[in-house]
Amino acid sequence: MVEHLVKRLKKQNEELQRHCASAIFKCAESDATRTLVRKYEGLDPLVSLLSKTSNKDLLCAVTGAVWKCSKNALNATRFKELKAIEQLVALLSNQPEEVLVNVVGGLGECAAHDPDSRASIRKAGGLVPLVQLLTGTNHSLLINTTKVVGACALDADSMIVIDKQDGVRLLWSLLKSVNTEVQACAAWAICPCIENAKDAGELVRSFVGGLELIVGLLKSDDLEVLAAVCAAIAKIAKDEENLGVLTDHGVVPLLAKLAITDSDHLRIHLCDAIARCCMWRNNRIAFGQASAVAPLVSYLQSSDSLVHRSTACALHQLSKDPGNCITMHEAGVVQVCIGWHIV
């Protein structure tokens, strides 16, 4: 079917092209379909159709197909070669939201796959309109925009632009969204911003009520929000003054309450946050008093090596308190380590 769709995509009939692009858009949720589109040379005609700006229905279908196909790394590379990024950036203004959702989604996938694509977005002037889109209300558009801004923040030069455009503050404000996916995506995007901002500690402190807000999200019932917020806290807590404020807002007991979880995804980022928060005064003792230590030992039974790494870091910090060492021993940490052949 994909081969036939690609063949008809090349026909000079905009109605037929729209239907074919729309079918690819819907079917390319599967990576097998994305691979077939590339195999049958469908990426090139999709990019050529991005110039059909007067036909909004066709443009919506084509940008949707480009977005979904770009989820495949090899496709994203081909799109970069075809200068699709520059064409997508040109579509960031004067387009309906249904087109913008797809355009931003495609840019986000390309930026996630390739550092050169992040630079291309910046050089094409895409960062300013992308940051401006963070002020919108369309949840689907906000989700895609936070993703691309977060990916671009991994590029130091792009981070400078994002900061100048007040992008970090706008991301922080999205933590107040009623949509949990927007909250999670904003928190994930904040992580590279803090990592690469020139003076991240001062930047975070400039947001009135910002630290209290992010600590409060540890009460969320959404697993992805919790993982993203833990990851952000691990970054924020690298600044000693901010760590002190996080502690004052009750970050320790809230992190401790999350310790009983079977989600490896959450465990990784929770342990990173705990390890970092241990570095403030009596926090490691407070974690022990909040019964956070024994559950962490059980994480070592996970089959995920990333869980092992982050858990080991957290236990190392916690072990600097003698009481926590007793708890670890009682929880069987020595036997687990012997099983790893590391003691």
Side-chain angles (χ1 to χ4, degrees), residues 1-11 16-52 58-92 99-127 130 140-141 143-158 185 188-189 191-192 265 304-306:
M1 180 186 74
V2 174
E3 183 178 10
H4 295 298
L5 288 172
V6 170
K7 283 182 180 179
R8 285 157 180 77
L9 194 63
K10 299 174 183 177
K11 300 289 185 180
L16 180 59
Q17 289 171 326
R18 179 178 69 82
H19 286 299
C20 291
S22 181
I24 292 172
F25 179 18
K26 293 173 182 176
C27 294
E29 290 290 348
S30 159
D31 193 57
T33 300
R34 299 171 201 144
T35 300
L36 287 173
V37 173
R38 183 180 69 254
K39 176 182 176 181
Y40 294 119
E41 300 181 351
L43 302 180
D44 295 48
L46 282 174
V47 173
S48 68
L49 289 172
L50 290 173
S51 62
K52 301 283 187 177
L58 173 58
L59 187 62
C60 187
V62 170
T63 53
V66 169
W67 170 24
K68 297 302 181 180
C69 286
S70 65
K71 288 177 177 286
N72 179 287
L74 292 176
N75 289 355
T77 298
R78 181 58 182 158
F79 283 140
K80 180 183 69 173
E81 294 168 351
L82 294 169
K83 304 296 183 182
I85 291 172
E86 288 77 5
Q87 292 192 60
L88 289 172
V89 167
L91 294 172
L92 286 173
V99 172
L100 286 173
V101 169
N102 298 340
V103 168
V104 176
L107 288 172
E109 293 298 334
C110 290
H113 287 302
D114 179 36
D116 290 340
S117 294
R118 298 167 203 151
S120 294
I121 292 171
R122 171 174 48 80
K123 291 175 182 177
L127 289 175
L130 282 169
S140 295
L141 184 54
I143 288 165
N144 284 354
T145 306
T146 53
K147 288 179 179 178
V148 67
V149 171
C152 288
L154 293 167
D155 175 73
D157 291 332
S158 295
C185 289
W188 285 122
C191 293
H265 181 49
D304 190 331
S305 61
L306 293 177

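Residue numbers start at 1 and run along the sequence shown. No experiment lies behind these values; they were computed from the predicted model shown.
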Q: With side-chain contact (heavy atoms from CB on, under 4.5 Å) as the test, would you mind laying out the steps for L91 and L59 before giving the verdict?
A: CA-CA 10 Å; L91 294 172; L59 187 62; 4.1 Å; yes
Q.
Could you report the tightest heavy-atom contact between K10 and Q17, atom names first, then the distance?
A. C-NE2, 4.5 Å
Q: For S22 and H19, indicate whether the former's side chain and the latter's backbone hold a donor-acceptor pair under 3.5 Å.
A: no
Q: Quick one: which residue pairs count as a side-chain hydrogen bond (donor to acceptor under 3.5 Å, both in side chains) with a foot in residues 76-85, not counting sequence neighbours?
A: D44-R78, R78-E81, K80-D114
**Q.** Heavy-atom check, side chain of V66 versus side chain of N102, under 4.5 Å
**A.** no
Q. Sub-3.5 Å donor-acceptor pair from the side chain of T35 to the main-chain atoms of D31, do we have one?
A. yes
Q: For R18 and A61, work out which heavy atoms get closest and say how close.
A: O-CB, 3.6 Å
**Q.** Set of residues satisfying ring pair (Phe, Tyr, Trp, His ring centres under 6.0 Å) with respect to H265, sequence neighbours excluded
**A.** W188, H269
Q: Count the heavy atoms belonging to other residues, nucleotides or ligands that lie under 6.0 Å from CD of E41, then report whether that count exceeds 12.
A: no
Q.
Working to the nearest 0.5 angstrom, can you tell me the gap between C27 SG and M1 CE?
A. 3.5 Å
Q) If every non-hydrogen atom of L9 is compared with every non-hydrogen atom of I24, which pair is closest and at what distance? A) CD2-CD1, 4.2 Å
Q. Could you give the distance from CG (L5) to CG (L16), rounded to the nearest 0.5 Å?
A. 9.5 Å
Q) Atom CG of L46 and atom CH2 of W67: how far apart are they, to the nearest 0.5 Å? A) 15.0 Å
Q: Measure the shortest side-chain to side-chain distance between S70 and N75 over non-hydrogen atoms and say whether it is less than 4.5 angstrom.
A: no
Q: Report the C-alpha separation of C69 and F79 in whole Å, then their side-chain angles, then the decisive distance to 0.1 Å, and conclude whether the side-chain contact (heavy atoms from CB on, under 4.5 Å) test is met.
A: CA-CA 9 Å; C69 286; F79 283 140; 4.1 Å; yes
Q: For R38, check salt bridge (charged side-chain N to carboxylate O under 4.0 Å, His left out) against everything at least two apart and list the hits.
A: none
Q.
Quick check for you: to the nearest 0.5 Å, what is the distance between L130 atom CG and I121 atom CD1?
A. 6.5 Å
Q: Write down the atom of T146, the atom of C185, and the distance for their closest heavy-atom approach.
A: OG1-CB, 3.1 Å
**Q.** Atom pair OG (S120) and CG (L88), whose distance is rounded to the nearest 0.5 Å
**A.** 11.5 Å
Q: Give, for atom NZ of K68 and atom CD of E109, the distance between the pair rounded to the nearest 0.5 Å.
A: 8.0 Å
Q: Mind listing the closest non-hydrogen atom pair of A65 and A21 along with its distance?
A: CB-O, 3.7 Å
Q.
Looking at every non-hydrogen atom in both residues, tell me the closest pair between R118 and D155 and how far apart they are.
A. CB-CB, 4.3 Å
Q) Any side-chain heavy atom of V103 within less than 4.5 Å of one from N144? A) no
